[in-house]
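Both backbone and side-chain heavy atoms feed into the values below; hydrogens, waters and symmetry mates do not.
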Amino acid sequence: MQRTKQYCDPHLETSSVKADKLDLENGDIYPFKQMVKNVDNNNFFVMVTHIKYPAYDKENPASISPIIIQELLRKQLGYKGFVVTDDLEMGAVSKYFTYEELGVRAVEAGADVLLVCHTLDSQEKMYNGILQAVKEGKISEKRIDESVKRILTHKLTSDISLHVDPETAKNVVGNNK
């Protein structure tokens, strides 16, 4: 098994897994394949990281790769649930693309939920980039509807309670006063 991982802190820089497809499918991908096959896909979601897998996509990290999300995850593995990106403010991707570009690339790649975890400014730039791409026809409303359908299906069919008791939340999460 010829496999090397070049790790960097994804908050700062992207990493790469240098393994061939066979090694990846028998190793890293195998648990996902089994879960997709054996568990109702609406009961979990997949988070795609900013790691590059050159055996599949030489250019893009998984979080903005149509090859990883659409071809591998959705078509080859048959995953029907929703896909979440890792935080798009991380340096692994934000150093190389504007937030407007990142949002468009992630949606085009097939991500359904885009995490932008730290600043309102970044969130607004990403939202406006996606909105502009939809207005210009670069991203179709049909593509947006696909994500909405997956998210709503998860919410409506999962065992997760949609109601929160404030007292229970206070006891579980705590009070940071």
Side-chain angles (χ1 to χ4, degrees), residues 1-39 41 44-119 121-134 138-140 143-144 146-147 150-151 154:
M1 180 191 239
Q2 182 68 11
R3 172 195 220 150
T4 57
K5 292 184 180 183
Q6 173 190 4
Y7 286 114
C8 298
D9 180 352
H11 293 90
L12 306 172
E13 188 58 63
T14 193
S15 297
S16 181
V17 175
K18 299 191 185 333
D20 64 28
K21 287 182 181 181
L22 183 62
D23 287 339
L24 289 168
E25 288 172 13
N26 290 323
D28 295 22
I29 296 171
Y30 184 76
F32 291 98
K33 182 178 182 179
Q34 293 306 308
M35 192 160 179
V36 167
K37 186 169 91 178
N38 297 313
V39 178
N41 289 194
F44 67 97
F45 63 89
V46 173
M47 176 180 273
V48 285
T49 185
H50 305 311
I51 293 175
K52 288 184 179 179
Y53 292 88
Y56 287 98
D57 188 336
K58 292 180 181 5
E59 301 296 319
N60 298 302
S63 56
I64 58 172
S65 171
I67 296 167
I68 300 284
I69 298 172
Q70 293 176 32
E71 296 299 320
L72 175 62
L73 188 58
R74 296 228 184 265
K75 289 183 183 164
Q76 185 177 331
L77 299 180
Y79 180 63
K80 304 289 187 229
F82 73 90
V83 174
V84 179
T85 68
D86 203 345
D87 181 10
L88 292 166
E89 286 185 294
M90 296 169 101
V93 287
S94 67
K95 283 172 60 173
Y96 303 101
F97 305 97
T98 66
Y99 291 113
E100 293 85 352
E101 292 172 306
L102 271 175
V104 170
R105 290 176 71 107
V107 170
E108 288 178 328
D112 301 304
V113 176
L114 314 182
L115 294 185
V116 186
C117 300
H118 299 284
T119 67
D121 183 57
S122 301
Q123 293 167 2
E124 289 174 340
K125 287 177 180 176
M126 197 159 299
Y127 170 80
N128 287 325
I130 294 167
L131 182 62
Q132 188 64 35
V134 171
K138 186 173 182 181
I139 297 174
S140 70
R143 169 64 195 93
I144 300 297
E146 291 168 0
S147 289
R150 282 191 279 268
I151 294 163
H154 172 77

Go through the steps to decide whether Lys138 and Glu108 satisfy the test side-chain contact (heavy atoms from CB on, under 4.5 Å), and finish with yes or no. CA-CA 9 Å; Lys138 186 173 182 181; Glu108 288 178 328; 3.3 Å; yes

For [X] against [Y], the heavy-atom pair lying closest together:
{"X": "Ala55", "Y": "Ala19", "answer": "CB-O, 3.1 Å"}
{"X": "Glu89", "Y": "Thr119", "answer": "OE2-OG1, 2.7 Å"}
{"X": "Gly91", "Y": "Tyr96", "answer": "O-CE1, 4.0 Å"}
{"X": "Arg150", "Y": "Lys80", "answer": "CD-O, 3.4 Å"}
{"X": "Leu77", "Y": "Leu73", "answer": "CB-O, 3.4 Å"}
{"X": "Thr85", "Y": "Ala111", "answer": "CG2-CB, 3.6 Å"}

Just wondering, do Val107 and Arg143 contact through their side chains at under 4.5 Å, heavy atoms? yes

Do Ile29 and Tyr56 have side-chain heavy atoms sitting under 4.5 Å apart? yes

Gap separating the [atom1] atom of [X] from the [atom2] atom of [Y], nearest 0.5 angstrom:
{"X": "His50", "Y": "Asp87", "atom1": "NE2", "atom2": "CG", "result": "6.0 Å"}
{"X": "Asp86", "Y": "Thr49", "atom1": "CG", "atom2": "OG1", "result": "5.0 Å"}
{"X": "Ile151", "Y": "Phe82", "atom1": "CD1", "atom2": "CZ", "result": "6.5 Å"}
{"X": "Tyr99", "Y": "Asp121", "atom1": "OH", "atom2": "CG", "result": "8.5 Å"}
{"X": "Ser94", "Y": "Met126", "atom1": "OG", "atom2": "CE", "result": "8.5 Å"}
{"X": "Leu114", "Y": "Ile130", "atom1": "CG", "atom2": "CD1", "result": "5.0 Å"}

CA sep, side-chain torsions, deciding dist, call: Glu71, Asp57, side-chain contact (heavy atoms from CB on, under 4.5 Å): CA-CA 11 Å; Glu71 296 299 320; Asp57 188 336; over 6 Å; no

So does Phe97 have more than 12 non-hydrogen atoms from other groups sitting under 6.0 Å from CZ? yes

For Tyr127, does the OH atom sit with more than 12 other heavy atoms under 6.0 Å from it, leaving out its own atoms? no

Audit row: Asn60, Arg105, side-chain contact (heavy atoms from CB on, under 4.5 Å) steps and yes/no: CA-CA 10 Å; Asn60 298 302; Arg105 290 176 71 107; 2.5 Å; yes

Is a donor on one side and an acceptor on the other found under 3.5 Å between the side chain of Ser65 and the backbone of Ile67? yes

Under 3.5 Å, is there a donor-acceptor pair between the side chain of Gln70 and the main chain of Lys75? no

Does Asn41 form a side-chain contact (heavy atoms from CB on, under 4.5 Å) with Val36? I'd like the steps, not just the answer. CA-CA 6 Å; Asn41 289 194; Val36 167; 3.8 Å; yes

Check for me whether the distance between the ring centres of Phe44 and Tyr79 falls short of 6.0 Å. yes

Polar side chain donor-acceptor pair, Asp112 to Ser147, under 3.5 angstrom: yes

